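Only heavy atoms go into these numbers, but all of them, side chains included; no hydrogens, no water, no symmetry mates. Predicted, not measured: the structure shown is a model, and the values here were computed from it.
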Amino acid sequence: MAVDVSQIASIETEPGTLPATMTAWVIREERFGEPVDAFQLEEIETPEPGAFEVVVRVMAAGVNFNNVWAALGEPVSVMKYGDHPEYGHHIGGSDASGIVWKVGPGVTRWKAGDEVVIHCNQTSYEDPEVHGLDPLAAPSQRIWGYETTWGSFAQFTKVQAQQLLPKPRHLSWEEAASYGLTYFTAYRMLMDQASLQPGHRVLIWGAAGGLGVFAVQLCKIAGAQAVGVVSSPEKGELIKQLGAVDYIDRNEFKGMMRRGGESPEEEKARFKESRRFCKAVEEKLGGAPDIVFEHVGRATFPTSVLCVKPFGKVVICGATSGYQLDFDVRYLWMKQKQIIGSHFANAWEATKANELIEQSLIRPVLWQTMGFDKVAESHQLLRDNKHLGKIAILVGATAEGQGKTADGPGAIRAEVGA
Ligand SMILES: NC(=O)c1ccc[n+]([C@@H]2O[C@H](COP(=O)([O-])OP(=O)(O)OC[C@H]3O[C@@H](n4cnc5c(N)ncnc54)[C@H](OP(=O)(O)O)[C@@H]3O)[C@@H](O)[C@H]2O)c1
């Protein structure tokens with residue numbers, strides 16, 4: 001049965017009461033494949049909040065690459081994880097802004113009507129790691145709207161109360177829904193994992209991308225100097241506007257990219273290009289970087305290890321160009337460099353990072369806002385690499401710009417990230 005999305009923004013119940021059903025974009029195992037086919041609109045039961053849970057009316061949602069993987073069912077089926085076996089469906093979406101609609105037993109910090117943004121880390125509060133180590137170390141740790149269902153591409157989403165953060169009042173719904181996953185990840189990488197300090201020199205790969213735009217801004221406000229790697233002068237100008245001291249266009253160093261399987265001669269030539277790149281970085285920063293901000297993986301990792309200064313840190317959270325990393329380890333041990341893995345952020349980091357947004361010290365960077373009918377299409381754009389930056393989806397909001405209740409600079413509009 002075709003689902004009518006024209007009424008997506010109207011809810012018949014008042015905060016505190018949930019309608020029996022809601023409209024959602026649903027992925028099911030039997031239709032894993034291209035996002036345009038895998039995402040289908042369905043009318044589905046509205047989830048009730050359990051203990052320490054909250055159901056939020058989604059006003060806007062953010063699009064991330066994780067739900068391209070969820071649609072494809074690759075490299076693993078999300079249906080094996082979290083609460084998927086219980087419900088048998090996947091409602092994706094790991095970024096949202098919205099209104100608390102109903103709170104479950106035990107929730108005291110939030111009440112129906114509160115305006116919130118949502119961070120995407122879920123963990124069982126019963127795991128001891130949560131109480132003294134870090135929720136990211138807990139065996140129950142999951143990314144909401146990817147490894148769990150009830151994500152943000154629906155009229156309502158079910159989350160743990162600890163995932164809620166106050167919505168920055170000067171941002172519209174779509175601006176507020178656009179930054180959580182990438183920004184909080186960049187915050188943990190730099191502020192906690194790599195202990196960014198004033199005066200540090202930082203090299204940022206993909207500096208105009210989803211993570212990079214926040215890494216650059218964090219360096220600026222921390223009093224560190226950042227040089228960003230980008231693939232066009234337009235992106236370079238954007239990151240200078242965000243606070244980078246300069247940029248390097250990677251097209252001028254194509255030969256440094258590691259493909260894997262290079263012959264000894266090819267590797268020698270590649271290494272020479274990496275050295276030339278490192279020299280350019282040092283010239284721009286006035287010295288070798290204390291920190292390299294990595295998420296590209298195979299293509300750039302040998303260069304990252306080479307570039308970072310003795311005792312410096314390469315912090316990595318992803319591997320867009322390939323997971324199998326291959327580098328000359330002598331440059332690591334002889335110069336006592338460190339490689340640090342990082343994954344999303346905990347609630348404390350998300351809270352501290354969100355405060356910087358509330359203070360307008362960090363600004364979201366948004367490319368396009370689309371209607372709820374475009375959820376499948378927007379993921380196909382990412383899949384086909386036809387996007388030019390961050391996409392937000394209007395769900396409860398009927399137009400861009402709604403939801404601002406205070407003056408402030410809002411998001412930077414830019415074509416970035418592709
Ligand atoms: N573990 C976590 O919690 C976490 C969280 C968020 C993201 N991630 C991962 O981190 C990666 C980046 O995420 P994102 O949101 O920043 O993606 P994005 O918006 O697509 O930006 C990544 C940027 O990296 C650059 N890039 C891509 N391929 C490259 C290559 N072969 N060599 C050099 N640069 C390359 C591109 O910039 P230029 O073309 O301008 O160079 C691109 O814009 C993804 O793999 C994502 O899955 C992990």
Side-chain angles (χ1 to χ4, degrees), residues 64-66 68-69 75 181-183 185-190 193-194 201-219 226-232 235-236 238-239 242 244 246-262 266-267 270-271 273-278 280-281 284-285 288-308 312-329 331-332 337-344 365 382-383 385 387-390 416-418:
N64 291 292
F65 208 87
N66 61 0
V68 174
W69 296 121
L181 187 145
T182 52
Y183 170 42
T185 303
Y187 184 94
R188 179 179 176 94
M189 287 172 75
L190 285 175
Q193 302 289 68
R201 301 181 175 104
V202 185
L203 172 67
I204 300 170
W205 293 103
L211 293 165
V213 293
F214 294 112
V216 171
Q217 293 184 74
L218 285 166
C219 286
V227 158
V229 185
V230 292
S231 57
S232 71
K235 287 183 178 184
L238 171 76
I239 68 153
L242 294 177
D246 210 344
Y247 69 90
I248 295 179
D249 190 331
R250 67 183 167 102
N251 293 311
E252 291 165 21
F253 296 90
K254 280 186 178 150
M256 77 176 159
M257 296 299 179
R258 177 117 207 184
R259 300 185 318 270
E262 282 91 348
E266 285 171 336
E267 177 52 19
R270 194 206 60 73
F271 186 80
E273 276 297 274
S274 278
R275 270 218 186 285
R276 190 170 72 85
F277 173 82
C278 296
V281 171
K284 290 194 185 290
L285 283 175
D290 299 88
I291 299 169
V292 176
F293 185 88
E294 248 291 355
H295 48 84
V296 178
R298 181 168 64 196
T300 56
F301 201 74
T303 308
S304 297
V305 173
L306 183 69
C307 265
V308 76
K313 295 169 183 166
V314 179
V315 59
I316 182 163
C317 75
T320 309
S321 65
Y323 299 114
Q324 301 294 335
L325 307 185
D326 171 346
F327 63 97
D328 188 334
V329 74
Y331 293 95
L332 188 81
K337 301 172 179 182
Q338 295 177 39
I339 297 169
I340 304 171
S342 198
H343 186 49
F344 191 56
V365 181
L382 263 61
R383 158 79 167 147
N385 201 17
H387 66 304
L388 295 174
K390 191 77 191 177
V416 291

Q: Is there a side-chain contact between Thr303 and Glu294 (heavy atoms, below 4.5 Å)?
A: no
Q: Kindly determine whether Met257 and Thr300 satisfy side chain to side chain contact (heavy atoms under 4.5 Å, CB included), including the steps that lead there.
A: CA-CA 6 Å; Met257 296 299 179; Thr300 56; 3.7 Å; yes
Q: Pick one: which of Val213, Leu211, Val365, Leu218 meets side-chain contact (heavy atoms from CB on, under 4.5 Å) with Tyr183?
A: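 That would be Leu218.
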Q: Check whether any side-chain heavy atom of Arg275 lies under 4.5 Å from a side-chain heavy atom of Met256, and answer yes or no.
A: no
Q: May I ask you to test the Pro302-Arg270 pair for a side-chain heavy-atom distance under 4.5 Å?
A: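 Yes; the side chains approach each other to less than 4.5 Å.
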Q: Is it the case that the side chain of Glu252 and the backbone of Arg250 share a donor-acceptor pair, with hydrogens and angles ignored and the cut-off at 3.5 Å?
A: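 Flag not set: sc Glu252 to bb Arg250 has no pair under 3.5 Å.
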Q: Between Arg276 and Glu273, does any NZ, NE, NH1 or NH2 come within less than 4.0 Å of an OD or OE carboxylate oxygen?
A: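 A salt bridge is present here (some side-chain N lies under 4.0 Å from a carboxylate O).
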Q: Classify the ring geometry of Phe301 against Phe327: parallel below 30°, tilted from 30° to 60°, perpendicular beyond 60°.
A: perpendicular
Q: What is the distance from atom OG of Ser274 to atom CG of Leu306, rounded to the nearest 0.5 Å?
A: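 Going from OG on Ser274 over to CG on Leu306, the span is 6.0 Å.
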Q: So, the side chain of Ser342 versus the backbone of Cys317: is there a donor-acceptor pair under 3.5 Å, distance only?
A: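 No; zero donor-acceptor contacts below 3.5 Å.
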Q: Where is the tightest heavy-atom contact between Arg201 and Leu285, given as atom of each residue plus distance?
A: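 Of all heavy-atom pairs spanning Arg201 and Leu285, the closest is NE-O, 2.9 Å.
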Q: Okay, side chain of Ser321, backbone of Ala299: is any donor-acceptor separation there less than 3.5 Å?
A: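 Here the side-chain-to-backbone pair exists.
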Q: Could you give the distance from OG1 (Thr182) to CZ (Phe344), rounded to the nearest 0.5 Å?
A: 9.0 Å
Q: Without swapping roles, check the side chain of Asn251 against the backbone of Ser231 for a donor-acceptor pair under 3.5 Å.
A: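 Yes, Asn251 side chain to Ser231 backbone: donor-acceptor pair under 3.5 Å.
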Q: Anything under 30° is parallel, anything over 60° is perpendicular, the rest tilted; go ahead and classify Tyr331 against Phe271.
A: tilted
Q: When rounded to the nearest 0.5 angstrom, what is the spacing between OG in Ser232 and CG in Leu238?
A: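 Here the interatomic distance stands at 9.0 Å.
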Q: Check for a donor-acceptor pair, side chain of Lys337 on one end and backbone N or O of Val305 on the other, with a separation under 3.5 Å.
A: yes
Q: Of the non-hydrogen atoms in Ala186 and Phe214, which two are nearest, and what is the gap between them?
A: CB-CB, 4.1 Å
Q: Between Phe65 and Leu382, which heavy-atom pair has the shortest distance, and what is it?
A: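 Heavy atoms only, the tightest pair is CE1-O, 3.4 Å.
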Q: For residues Met189 and Phe293, determine if any side-chain heavy atom of one lies less than 4.5 Å from a side-chain heavy atom of the other.
A: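 Heavy-atom side-chain distance check passes, below 4.5 Å.
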Q: Mind listing the closest non-hydrogen atom pair of Pro289 and Cys307 along with its distance?
A: CD-O, 3.4 Å
Q: Roughly how far apart are Gln217 CD and Leu190 CG, rounded to 0.5 Å?
A: 12.0 Å
Q: Under 4.5 Å between any side-chain heavy atoms of Val229 and Leu203, yes or no?
A: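 With C-beta onward as the side chain, the pair touches.
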Q: In the structure I gave you, are the side-chain heavy atoms of Arg188 and Thr185 within less than 4.5 Å of one another anywhere?
A: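 With C-beta onward as the side chain, the pair stays apart.
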Q: Can you confirm whether the side chains of Asn66 and Asn64 place a donor and an acceptor under 3.5 Å from each other?
A: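 Asn64 and Asn66 do not have a side-chain donor-acceptor pair below 3.5 Å.
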Q: Just verifying a value: how many Å separate Ile204 CD1 and Leu242 CG, rounded to the nearest 0.5 Å?
A: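 So the gap between those two atoms works out to 10.0 Å.
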Q: Identify the heavy atoms of Ile239 and Ala207 that sit nearest to each other, and give their distance.
A: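 Answer, listing the atom of Ile239 first, then Ala207: CG2-O, 3.4 Å.
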Q: Measuring centre to centre across the rings, with the benzene-like ring taken for any Trp, is Trp205 within less than 6.0 Å of Phe253?
A: no
Q: Specify the closest pair of heavy atoms between Ala194 and Val315, including all atoms of both residues, with the distance to one decimal.
A: CB-CG1, 4.2 Å
